[in-house]
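Only this structure's heavy atoms are used, side chains among them; waters, hydrogens and symmetry mates stay out. So that the names make sense, note that chain A is the first sequence line, chain B the second, and so on, each numbered from 1.
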Number of protein chains: 2
Amino acid sequence: MSAQSPLHMTEQRRVILEELRKVRSHPTADKIYTRVRRRMPRISLGTVYRTLDLLAAQGMIRKIESAGTRRRFDGTVEPHYHIRCLECGRIADLPPGEMPGLEAHFRNQTDYDVVGHTLELLGTCPACRKDRTEGKDVGVRPASEQ
Amino acid sequence: MSAQSPLHMTEQRRVILEELRKVRSHPTADKIYTRVRRRMPRISLGTVYRTLDLLAAQGMIRKIESAGTRRRFDGTVEPHYHIRCLECGRIADLPPGEMPGLEAHFRNQTDYDVVGHTLELLGTCPACRKDRTEGKDVGVRPASEQ
DNA sequence: CCAATATCAGTAATCATTCCTATTATTAGT
DNA sequence: ACTAATAATAGGAATGATTACTGATATTGG
């Protein structure tokens, strides 16, 4: 599911990779599109999206905010973390309470004022683990769930 | 920025809140819409979205995956966390390395197999802190940045 | 050199979410 | 209660990000 067959380095892919590696920021696809177009005015936005996904699948770059883009809501207000199943997208609650010492651990590693954090555990839910031991080829059904 | 004036509890708001609190899952807006429609067939999806935002602003429910929805990319593959400025959306890297003991801390708190995690620190970046001490009313410009 | 395959540009389609508007409900003041 | 002012709603249109499609162009293997 990660490093694939060695990727054919076309001009477009090389330039996209170069432009992303050139910046210290964490640009969105259309920001990258804007930059790349300065060097390749005819490139299409679709190529940028396709290439970024490809490079990320190769492990050559990283997507951040890897969680699904659909917003979810939680009727429980008491602070607690979640764990998400990477196979079926199901989200479960963890017991209430914060990871002790977490924010303190980072306070002297950044020039930001730290005021909070988001933490999500990733894993395999009992149902998907069971499917797997039974040899069901579940593939990767995207986060539809529930 | 959190608890506001006491909310007028209309029928729609009450039913949306009830339906969300009734489930242990973490539904998307349209899942809630489907459920609520069983009791109020004429409710509109817009009302569901508006109400969920409202309830979250009151602190009566929680939005999860609170990060901005636009996908961002990172040219650095070495594992590292990010910190996001809540005011301007800017994302900065933290030094490479994982929070020690984090996944181990949760292994016995869930029936999922834990295989990873995402952690994002939240805070105020130096530029926004400076704006604030200078009394500039920056409001909350959404994650446009860079 | 040619056929099979991959990649691309350009554009249309999709999906979640937000915005808009006319209508309906609620509140406050008399 | 009656009415004007205000708030909330339904329904649908608009937006913005992302993905899918299509015909053209490039690349590779034989």
**Item:** A:Arg37: partners by salt bridge (charged side-chain N to carboxylate O under 4.0 Å, His left out), with sequence neighbours left out
**Value:** none
**Prompt:** For A:Leu45, which contact category applies under a 4.0 Å heavy-atom criterion: base, sugar-phosphate, or nothing?
**Reply:** base
**Prompt:** Considering only side-chain heavy atoms of A:Arg71, which listed nucleotide, C:dT18, D:dA10, D:dT18, is closest?
**Reply:** C:dT18
**Request:** For A:Leu54 and for A:Gly46, locate the closest nucleotide of DNA chain C by heavy-atom distance; then report the residue assigned to the nucleotide nearer the 5' terminus.
**Result:** A:Leu54
**Request:** Would you please name every residue forming a salt bridge (charged side-chain N to carboxylate O under 4.0 Å, His left out) with B:Asp74, sequence neighbours left out?
**Result:** none
**Complete:** Ranking D:dT18, D:dA10, D:dT19 by distance to the side chain of A:Asp53, first place goes to D:dT19
**Item:** Estimated bend of the helix from C:dC1-D:dG30 to C:dT30-D:dA1 (axis per five terminal pairs, rounded to 10 degrees)
**Value:** 30°
**Request:** Could you list the residues that satisfy side chain to side chain donor-acceptor pair (under 3.5 Å) with B:Gln12, not counting sequence neighbours?
**Result:** none
**Fill in**
note: B:Ile32, atom CD1; C:dA16, atom P; distance rounded to Å ~ 14 Å
**Sorted by number, the residues of residues 9-21 of chain A with heavy-atom contact under 4.0 Å to DNA chain D** = none
**Asked** If you check the B:Arg50 side chain, which of C:dC8, D:dA8, C:dT18 turns out closest?
**Response** D:dA8
**Prompt:** In a check of side chain to side chain donor-acceptor pair (under 3.5 Å) between B:Glu19 and each of B:Arg35, B:Arg14, B:Lys31, which one passes?
**Reply:** B:Arg35
**Request:** Name all residues meeting the side-chain contact (heavy atoms from CB on, under 4.5 Å) criterion together with B:Leu102; count only those two or more places apart in sequence or in a different chain, and write none if there are none.
**Result:** A:Met99, A:Leu102, A:Leu119, B:Met99, B:Phe106, B:His117, B:Leu119
**Item:** With A:Glu103 via salt bridge (charged side-chain N to carboxylate O under 4.0 Å, His left out) - residues at least two apart
**Value:** A:Arg107
**Item:** salt bridge (Lys or Arg N to Asp or Glu O under 4.0 Å) partners of residues 110-119 of chain A, not counting sequence neighbours, each pair once
**Value:** A:Asp113-B:Arg129
**Asked** Under a 4.5 Å side-chain heavy-atom rule over Ile, Leu, Val, Met, Phe, Trp and Tyr, are B:Met40 and B:Tyr33 clustered together?
**Response** yes
**Message:** In this structure, how many angstroms lie between the C1' atom of C:dA25 and the CE atom of B:Met40, rounded?
**Reply:** 12 Å
**Asked** Considering only C:dC8, D:dA10, C:dA16, which nucleotide approaches the side chain of A:Thr47 most closely?
**Response** C:dC8
**A:Ile61 CD1 to A:Leu17 CG distance, which is reported to the nearest 0.5 Å** = 7.5 Å
**Request:** Let me know the distance between CD1 of A:Ile43 and C1' of C:dG10, rounded to the nearest Å.
**Result:** 13 Å
Could you pull out all donor-acceptor pairs under 3.5 Å where a side-chain atom in residues 41-50 of chain B meets a protein atom, sequence neighbours excluded?
{"unit_1": "B:Ser44", "atom_1": "OG", "unit_2": "B:Thr47", "atom_2": "N", "d": "3.3"}
{"unit_1": "B:Ser44", "atom_1": "OG", "unit_2": "B:Thr47", "atom_2": "OG1", "d": "3.1"}
{"unit_1": "B:Thr47", "atom_1": "OG1", "unit_2": "B:Arg50", "atom_2": "NH2", "d": "3.3"}

**Request:** Tell me, please, which residues at least two apart from A:Glu78 pass salt bridge (charged side-chain N to carboxylate O under 4.0 Å, His left out).
**Result:** none
**Message:** Side chain of B:Tyr49, heavy atoms from C-beta onward: which of C:dA16, C:dA9, D:dT18 has the nearest atom to it?
**Reply:** C:dA16
**Item:** N or O in side chain of B:Arg42 less than 4.0 angstrom from D:dG11 OP1/OP2
**Value:** yes
**Message:** In this structure, how many angstroms lie between the C1' atom of C:dC8 and the CZ atom of A:Arg37, rounded?
**Reply:** 16 Å
**Prompt:** Who are the ring pair (Phe, Tyr, Trp, His ring centres under 6.0 Å) partners of B:His82, not counting sequence neighbours?
**Reply:** A:His26, B:His80
**Message:** Expressed as a whole number of angstroms, how long is the span from A:Arg70:CZ to D:dT19:P?
**Reply:** 14 Å
Enumerate all atom pairs, one protein N or O and one N or O from nucleotides 28-30 of chain D, separated by less than 3.5 Å.
none

**Item:** Separation of D:dA17 C1' from A:Lys31 NZ (nearest whole Å)
**Value:** 13 Å
